[in-house]
Amino acid sequence: MRTQVAIVGAGPAGLLLGALLHRHGVDNVIVEQRSPDYVLGRIRAGVLEQVTVGLLEEAGVAARLHAEGLPHSGFDMCFAGQRQRIDLQRLVGKHVTVYGQTEVTRDLMDHRTAIGRQTVYDAQDVAVHGFDSAHPSVTWREGGVAHELQADFIVGCDGFHGVCRASVPAGAIQTFEKVYPFGWLGVLADVPPVAHELIYGNTERGFMLASMRSATRSRYYVQCSLDDKVENWSDDAFWDEFRRRLPADDAARLVTGPSIEKSIAPLRSFVAEPMRFGRLFLAGDAAHIVPPTGAKGLNLAAGDVGLLSRALAEFYASSGPARSAGIDSYSQRALARVWKAERFSWWFTSLMHQFPENGAFGARMQLAELDYLFTSDAAQRVVAENYVGLPLAA
Ligand code: FAS
Ligand code: PHB
């Protein structure tokens with residue numbers, strides 16, 4: 001088999017890259033180790049930046065998003081009995097859209113089927129070869145049969161635990177990591193959301209987030225200890241804890257019901273530099289991870305493939321040495337946006353979670369920052385500008 005761009009991973013990054021390359025007439029094949037149902041079964045992000053919405057529109061995959069997505073022009077922050085709405089529309093003239101990653105992935109899968117582009121699911125022992133040459137390839141086994149895909153370029157969209165970054169020689173890559181001393185216990189339930197916008201809370205019992213997927217489906221999180229196990233949390237135990245962390249008037253309105261998904265996610269900040277190795281590029285979680293507090297993970301993945309799809313399209317559309325300008329600058333331009341989102345996600349996580357190890361002074365620093373944020377339009381504008389997402393480099 002041969003293609004122009006081989007994409008490893010059919011998560012949102014790989015699928016969106018495939019759709020954008022298709023729009024530019026660039027042939028691509030996706031190789032995914034799991035089944036479509038497995039990929040769709042992972043409950044993850046819920047908030048899309050306008051940049052992400054724009055890329056889905058560019059890919060021709062935004063119809064259902066516009067029909068069913070929920071535009072949100074602000075969110076609430078709560079601490080020590082105080083509550084402040086961050087008015088995104090007033091502060092920066094932008095909004096975000098609540099539309100689950102599962103739905104984005106489903107729309108991208110349906111689109112890929114409709115355009116007839118090839119996706120190999122359930123690929124075993126995927127490996128990448130020759131990306132330091134002009135003839136890279138991807139190999140895998142399927143039903144005991146060995147397969148090879150030759151390509152001009154390989155893009156690793158295979159997430160944090162993928163094979164692509166792991167295939168880069170240790171001396172060619174530098175990684176940066178911070179692991180947080182807690183996790184998020186998340187619940188998905190078909191109950192109406194407790195509020196019409198998201199509520200982020202820093203309470204004495206820990207962080208809480210009241211989010212949603214629609215007017216009838218809620219997504220809720222509480223900070224939990226790293227050694228906590230999801231089997232330790234019955235639905236009733238979760239609802240009791242969540243109710244304790246909600247502001248009183250929201251707690252009184254909380255509608256509970258059986259969880260349809262319940263999981264604990266660890267929180268980390270991670271960046272791999274650079275994001276290009278010869279004919280191999282990294283995009284999305286394969287290159288970076290953010291704590292979900294700032295709702296940046298999926299949006300950063302979209303931004304990476306927005307930049308890379310344009311760079312690869314430029315390569316194929318032009319000739320001469322200038323054709324490589326975009327792909328040669330991809331890593332530097334992507335990392336510039338990644339690190340700013342890493343900073344915001346780290347800052348928001350540090351502000352909104354309980355860190356007993358930081359002692360009484362650390363707790364006072366949090367309260368002082370929150371008190372300043374709640375009384376300063378300038379401080380709220382900084383939060384709003386980062387939350388709606390920074391522009392994509394030209
Ligand atoms: P993904 O991990 O989504 O996709 C990678 C794909 O590559 C997968 O389908 C995987 O099966 C495949 N793959 C892996 N190894 C392979 C191999 N060797 N060969 C072939 N295929 C391979 N972000 C937010 O913005 N908000 C959130 O609330 C949020 N919550 C999260 C909760 C959890 C538990 C996790 C893990 C992440 C969360 N994220 C959140 C971040 C998440 O949404 C990611 O940013 C997003 O999935 C990134 O998409 P991809 O880069 O496509 O990676
Ligand atoms: C979600 O709805 O899953 C969600 C929303 C905002 C975040 C994190 C997760 O910051």
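Note that ligands are numbered from 1 as they come in the structure, with each ligand's atoms numbered from 1 the same way. Treat the numbers as computed from the prediction; the structure is a model and nothing was measured. Each residue takes its place number in the sequence, starting with 1.
- In summary, of the residues considered (M352, R245, E241, R243), a side-chain contact (heavy atoms from CB on, under 4.5 Å) with M208 occurs for R245 alone.
- No N or O atom of R219 sits closer than 3.5 Å to an N or O atom of ligand 2.
- When only non-hydrogen protein atoms are considered, atom 32 (C) of ligand 1 lies nearest to R44 CG, 4.0 Å.
- Taking the six-membered ring for Trp and the full ring otherwise, F355 and Y180 have centroids separated by 6.0 Å or more.
- With a 4.0 Å cut-off on non-hydrogen atoms, A295 touches ligand 2 through its backbone as well as its side chain.
- Interface atoms of ligand 1 facing G159, defined by a heavy-atom separation under 4.0 Å, are 2 (O), 5 (C), 53 (O).
- At a heavy-atom distance under 4.0 Å, no atom of V290 approaches ligand 1.
- At a 4.0 Å heavy-atom cut-off, ligand 1 does not touch A123 at all.
- Put simply, CG on L308 and CG on L21 are 7.0 Å apart, with the number rounded to the nearest 0.5 Å.
- For atom 25 (O) of ligand 1, the closest non-hydrogen atom of the protein is G297 N, 3.2 Å.
- Interface atoms of ligand 2 facing V47, defined by a heavy-atom separation under 4.0 Å, are 5 (C), 6 (C).
- At a cut-off of 3.5 Å, with distance as the only test, no side-chain donor of H24 or S309 sits close to an acceptor on the other residue.
- Within the listing of ligand 1, atoms 9 (O) sit less than 4.0 angstrom from a heavy atom of V39.
- Atoms of ligand 1 lying under 4.0 Å from any heavy atom of C157, numbered from 1 in the order shown and given with element: 5 (C), 6 (C), 7 (O).
- Between W184 and Y221, the angle of the ring planes lies from 30° to 60°, which puts this pair in the tilted group.
- Heavy atoms of other residues, nucleotides or ligands lying less than 6.0 angstrom from CZ of R85 number more than 12.
- Residue contacts with ligand 1, taken as heavy atom pairs separated by less than 4.0 Å, do not involve Y121 at all.
- Contacts between V98 and ligand 2, counted as non-hydrogen atom pairs separated by less than 4.0 Å, are absent for every part of the residue.
- Enclosure of atom CD in E385 is not indicated, since only 12 or fewer non-hydrogen atoms of other residues, nucleotides or ligands lie within 6.0 angstrom.
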Query raised in the report: Would N28 and Q4 count as a side chain to side chain donor-acceptor pair (under 3.5 Å) if you check the C-alpha gap in whole Å, the side-chain angles of each, and the deciding distance to 0.1 Å?
Result: CA-CA 6 Å; N28 63 90; Q4 290 174 304; over 6 Å; no

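- Taking CZ of F207 as the reference point, atom OG1 of T293 lies at 5.5 Å (rounded to 0.5 Å).
- With respect to atom 24 (C) of ligand 1, the closest heavy atom belonging to the protein is A45 CB, 3.2 Å.
- Near V31, with a cut-off below 4.0 Å to any heavy atom, the atoms of ligand 1 are 20 (C), 21 (N).
- Annotation: atom 21 (N) of ligand 1 to nearest protein heavy atom, Q33 N, 3.2 Å.
- Between S35 and D37, the side chains place no donor N or O within less than 3.5 Å of an acceptor N or O (distance only, hydrogens not considered).
- Between Q101 and ligand 1, a contact under 3.5 Å exists for at least one N or O pair.
- Residue contact check: L198 has heavy atoms under 4.0 Å from atoms 5 (C), 6 (C) of ligand 2.
- No more than 12 heavy atoms of other residues, nucleotides or ligands sit less than 6.0 Å from atom NE2 of H135.
- Among protein heavy atoms, atom 9 (O) of ligand 1 sits closest to E32 OE1, 2.8 Å.
- Only the backbone of K296 comes within 4.0 Å of ligand 1, counting heavy atoms alone; no side-chain atom from C-beta on gets that close.
- Residue E68 holds its CD atom at 13.5 Å from CZ of R213, rounded to the nearest 0.5 Å.
- Of the protein's heavy atoms, A265 CB, 3.5 Å lies nearest to atom 34 (C) of ligand 1.
- Two rings, from F75 and Y200, have their centers less than 6.0 Å apart.
- The environment of E204 atom CD is sparse: at most 12 non-hydrogen atoms of other residues, nucleotides or ligands sit within 6.0 angstrom.
- Not a single N or O atom of Y387, backbone or side chain, sits closer than 3.5 Å to an N or O atom of ligand 2.
- Within the structure, ligand 1 lacks R219 among the residues with a heavy atom less than 4.0 angstrom away.
- Scanning the protein for heavy atoms near atom 49 (O) of ligand 1, the closest one is P12 CG, 3.4 Å.
- Under the 4.0 angstrom criterion for non-hydrogen atoms, W184 is in contact with ligand 2.
- The closest approach between a heavy atom of Y221 and any atom of ligand 1 is below 4.0 Å.
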Report task. Begin from the C-alpha positions of S225 and D227 and carry the test side chain to side chain donor-acceptor pair (under 3.5 Å) through to its verdict. Result -> CA-CA 5 Å; S225 68; D227 53 18; 2.8 Å; yes

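- Among all non-hydrogen protein atoms, the one lying nearest atom 6 (C) of ligand 2 is Y200 OH, 3.4 Å.
- The contact set between ligand 1 and G284, taken as ligand atoms under 4.0 Å from a residue heavy atom, comprises 51 (O).
- Contacts between D285 and ligand 1, counted as non-hydrogen atom pairs separated by less than 4.0 Å, involve both the backbone and the side chain.
- A donor-acceptor pair shorter than 3.5 Å cannot be found between the side chains of E177 and T175.
- In R44, the part holding a heavy atom less than 4.0 Å from any atom of ligand 2 is the backbone.
- Considering backbone and side-chain atoms alike, H161 places every N or O at 3.5 Å or more from each N or O of ligand 1.
- Atoms of ligand 1 found under 4.0 Å from any heavy atom of V8 (numbered from 1 in listed order, with element): 19 (N), 20 (C).
- The shell of residues lying under 4.0 angstrom from ligand 2, judged by heavy atoms, includes Y221.
- Residue-level proximity to ligand 2 for Y220 is absent, since no heavy atom of it falls below 4.0 angstrom.
- In this structure, the protein non-hydrogen atom closest to atom 8 (C) of ligand 2 is P292 O, 3.2 Å.
- Distances below 4.0 Å separate heavy atoms of A295 from the following atoms of ligand 1: 25 (O).
- Once rounded to the nearest 0.5 Å, the distance linking OH of Y330 with CG of L312 reads 9.5 Å.
- Closest to atom 14 (C) of ligand 1 among all protein heavy atoms lies D158 O, 3.1 Å.
- Atoms CD and CG, on E273 and L282 in that order, are 12.0 Å from each other to the nearest 0.5 Å.
- Atom CG of D371 and atom CG of L367 lie 8.5 Å apart (nearest 0.5 Å).
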Report task. Please assess D152 against R2 for the test salt bridge (Lys or Arg N to Asp or Glu O under 4.0 Å), listing each intermediate value before the final yes or no. Result -> CA-CA 9 Å; D152 300 330; R2 180 170 232 296; 3.3 Å; yes

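- Near A13, meaning under 4.0 Å from any of its heavy atoms, are these atoms of ligand 1: 50 (P), 51 (O), 52 (O).
- Under the 3.5 Å distance criterion, the side-chain polar atoms of T3 are matched with a main-chain donor or acceptor of D27.
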